[in-house]
Protein chains: 2
Amino acid sequence: MADHTPTRAERREATARRILEAAQHEFGAHGDGATIRSIARRAGVDPSLVLQHYGSKQALFSLAVRPVSDLEGEDVPAHLAEVLDVRLRELPASTKALMRSMLTSAEAAEAMSVYLRERAARLAEAMPDDHAELRAALVVSSIMGITIARHFLDLPALEDADGDDVAALVDSWTSTAP
Amino acid sequence: MADHTPTRAERREATARRILEAAQHEFGAHGDGATIRSIARRAGVDPSLVLQHYGSKQALFSLAVRPVSDLEGEDVPAHLAEVLDVRLRELPASTKALMRSMLTSAEAAEAMSVYLRERAARLAEAMPDDHAELRAALVVSSIMGITIARHFLDLPALEDADGDDVAALVDSWTSTAP
DNA sequence: GCATTCACTCTACACGTGTTGAGCGAGGTG
DNA sequence: CACCTCGCTCAACACGTGTAGAGTGAATGC
């Protein structure tokens, strides 16, 4: 809240943040093929500065793609939908970067995979026993698919769908019998 | 069946096919970032020849990514799973190329989108009326998500799952009430 | 058997990339 | 005010890319 004139270190840190955000948006828009130059342009900065801050494109990518939430003890099943953002209009920048890159970057794929496994494990605990593990994996994967369809493929049927409807529907799958 | 010695034109056509297959595998493995040189290497051919056959990388990509099946009048709901290959161990090369690129190539994204819309429309016809369109879109997107999780993210729970189990489960969602 | 075609390879070019090191000039310090 | 610090820009590099055009030698047709 104190709006003192920023010190040099603060300004530096601020541009570092601006660069990271620019990177998330660029990776989110073009995947891991996004360019250091394009990131720099978006941040209003020289390309070289990007590397002085983050060392290499790879390192910056890793940071940009790190998932935002390690939310610990939340109630599981209904919340799930929100996590992978079935109902959010806009995805968090880092999530978007991660998803956009997950099919072309091994690192992003691995990150998404552990994220999904983690979520599925959580979900399985709260499910009827029968094939719980498999069914949890299916639900989690489905939510990912729906998220892709909505945010990256612009499927019209999902475009103007009510997030709550979607969440309720998906939630009902949680207790479906095989 | 007649194994006459191949004419010049036949041999040319054969190498064209080899190049296209190589392209599908390379695009399937690395997305639209795959290299003309890598495609040529895989086909055992000079990079320049790839362009003499297909004009440009873009044109080759378009061809490599074209979906295989315009199967017309098939029975819809159960078959759906197979189409997006929830139960197949290995994806068709063109499908793999299409999916791998759909998040980084606008053309692939559009192709996948129309494919999904088409499938959803088919599926909606065979569903209980309530919210049929939305629910069909959700099911189709889910199958895509499951396919991604299994074939690109290597989710272990799906890795060794029985394809029929998965198909049956997904199929049951088709008649889920909202 | 000879001239021609033509499927294919070789060489080259222009360009965009990630990355580096030198240099500049405003901000901090005495 | 003078000096130094250091966040930042500039200029350059080596490299991989898509693509074009000339060249080559074996299959073809007379």
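Below, each value reflects all heavy atoms present in this structure, side chains not excepted, and no hydrogens, waters or symmetry copies. Within every chain, numbering begins at 1; the chains are lettered A, B, ... in the order of the sequence lines, protein sequences first and strands thereafter.
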### Task
Classify the side-chain pair Ser113(B)/Arg117(B) by whether it contains a donor and acceptor separated by less than 3.5 Å.
yes

### Query
Among all residues two or more places apart in sequence or in another chain, which pass the salt bridge (charged side-chain N to carboxylate O under 4.0 Å, His left out) test with Glu133(B)?
none

### Query
In residues 101-110 of chain A, what residues come within less than 4.0 Å of DNA chain C, judged by heavy atoms?
none

### Query
What string of B, S and - do you get for nucleotides 17-30 of chain D 5' to 3' if you count protein non-hydrogen atoms under 4.0 Å?
BBBBB----BBS--

With no hydrogens and no angle check, is any side-chain donor or acceptor of [X] less than 3.5 Å from a backbone partner on [Y]?
X        : Y        : answer
Glu21(A) : Arg18(A) : no
Lys96(B) : Glu90(B) : no
Tyr54(B) : Ala16(B) : yes

### Query
Taking only residues at least two apart or on different chains, which pairs with a member in residues 6-28 of chain A satisfy ring-ring contact (aromatic ring centres under 6.0 Å, His included)?
Phe27(A)-Phe61(A)

### Message
Assess the residue pair Met144(A) and Ile146(B) against the criterion (side-chain contact (heavy atoms from CB on, under 4.5 Å)); give the C-alpha distance rounded to whole Å, side-chain angles, the decisive distance to 0.1 Å, and a yes or no.
### Response
CA-CA 8 Å; Met144(A) 176 182 69; Ile146(B) 295 167; over 6 Å; no

### Span of DNA chain C in contact with chain A (heavy atoms, under 4.0 Å)
dT17(C) to dG28(C)

#### Entry: Arg12(A) CZ - dT5(D) P separation (whole Å)
16 Å

### Message
Looking at Glu159(A), I'd like to know if its CD atom is crowded, meaning that more than 12 non-hydrogen atoms belonging to other residues, nucleotides or ligands lie closer than 6.0 Å.
### Response
yes

### Query
Does atom CG of Asp129(B) have more than 12 heavy-atom neighbours from other groups under 6.0 Å away?
no

### Task
Please list all pairs passing the side chain to side chain donor-acceptor pair (under 3.5 Å) test where one or both residues lie in residues 31-47 of chain B, with sequence neighbours left out.
Glu26(B)-Ser38(B), Glu26(B)-Arg42(B), Asp32(B)-Thr104(B)

### Under-4.0 Å side-chain N/O to phosphate OP1/OP2 contact, His53(A) with dG7(D)
no

